[in-house]
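Before any comments, here is the structure.
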Amino acid sequence: MASKKTVIVTGASQGIGAAVVQAFLGRGYNVAATSRSVSKAGFAPSPNLSLVDGDIGEPASAGQVAQAAIGKFGSIDHAVNTAGIFSAKPFTDYTGDEFHHLVAA
């Protein structure tokens, strides 16, 4: 049985996501952090941190981060989704594929 709580944080490589990772680590949580390039985000190595590169919009990536959390920490107690996509054009200019990609993230 896990003695610490474990949280998965998506969109963890920068901004709000990176701050959420640091906040949970600072409070003694285990953190499984994921984003497309989280391994390049510059987090200090920690036995309480697992980094999983991947697009959380892809089912395989979601499975990998869940397996990493359970494999390393023994549980998943919380999930925080900070992953998102920014598009700097008007909504009315989106193609169908762009809109699908935006809402699938």
Side-chain angles (χ1 to χ4, degrees):
M1 183 170 180
S3 61
K4 289 184 173 191
K5 297 287 185 178
T6 300
V7 61
I8 291 175
V9 180
T10 68
S13 63
Q14 61 185 349
I16 293 169
V20 169
V21 168
Q22 296 294 3
F24 275 106
L25 288 172
R27 287 166 178 78
Y29 282 74
N30 295 316
V31 178
T34 188
S35 76
R36 291 181 183 129
S37 58
V38 73
S39 63
K40 298 176 186 172
F43 289 111
S46 168
N48 297 48
L49 179 62
S50 176
L51 303 176
V52 180
D53 289 327
D55 180 346
I56 199 63
E58 298 294 325
S61 293
Q64 289 171 340
V65 72
Q67 288 174 354
I70 291 169
K72 185 168 183 175
F73 306 122
S75 69
I76 301 170
D77 301 291
H78 308 286
V80 179
N81 180 31
T82 67
I85 296 173
F86 174 73
S87 180
K89 65 182 180 179
F91 172 77
T92 55
D93 291 343
Y94 289 0
T95 66
D97 286 341
E98 289 169 331
F99 179 75
H100 175 73
H101 187 69
L102 180 69
V103 298

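Just so you know, these numbers come straight off a predicted model, no measurement behind them. Reckoned from all heavy atoms, side chains included, excluding hydrogens, waters and symmetry mates.
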- Query: If you round to the nearest 0.5 Å, how far is CD of Gln14 from OG1 of Thr82?
  - Reply: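 It is 9.5 Å, given to the nearest 0.5 Å.
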
- With rounding to the nearest 0.5 Å, note down the distance linking CZ in Arg27 to CG in Asn48.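 Between Arg27 CZ and Asn48 CG, I get 14.5 Å after rounding to 0.5 Å.
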
Show the nearest heavy-atom pair for residues [X] and [Y], with the distance to one decimal.
X: Phe73; Y: Leu49; value: CZ-N, 3.8 Å
X: Ala12; Y: Ala33; value: CB-CB, 3.6 Å
X: Ile8; Y: Ala66; value: CD1-CA, 4.2 Å
X: Tyr94; Y: Lys89; value: CE1-O, 3.7 Å
X: Ala83; Y: Ile56; value: CB-CG2, 3.9 Å

Should the heavy atoms of other residues, nucleotides or ligands under 6.0 Å from [atom1] of [X] be counted, would the total exceed 12?
X: Asp93; atom1: CG; value: yes
X: Ile16; atom1: CD1; value: no
X: Lys72; atom1: NZ; value: yes

- Query: Is it true that Leu51 and Val20 fall in one hydrophobic cluster, defined by side-chain heavy atoms closer than 4.5 Å?
  - Reply: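 Yes; Val20 is reachable from Leu51 via cluster members.
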
- Query: Is Val9 reachable from Val52 through a run of hydrophobic residues whose side-chain heavy atoms are each under 4.5 Å from the next?
  - Reply: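 No; tracing contacts between hydrophobic side chains, which count when under 4.5 Å, never links both residues.
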
Please check if the side chain of [X] supplies one atom and the backbone of [Y] the other of a donor-acceptor pair under 3.5 Å.
X: Ser50; Y: Ala32; result: no
X: Asp77; Y: Thr6; result: yes
X: Asp53; Y: Ser39; result: yes

- Task: Only one of Val31, Val80, Val38 passes side-chain contact (heavy atoms from CB on, under 4.5 Å) with Val21; say which it is.
- Result: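 Exactly one candidate clears the test, Val31.
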
- Close side-chain approach of Tyr29 and Lys4, heavy atoms under 4.5 Å: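 Side-chain contact under 4.5 Å: no.
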
- Message: Looking only at side-chain N and O atoms, does Thr10 offer a donor or acceptor that is under 3.5 Å from a partner on Asn81?
- Response: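 The answer is yes; a qualifying pair exists.
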
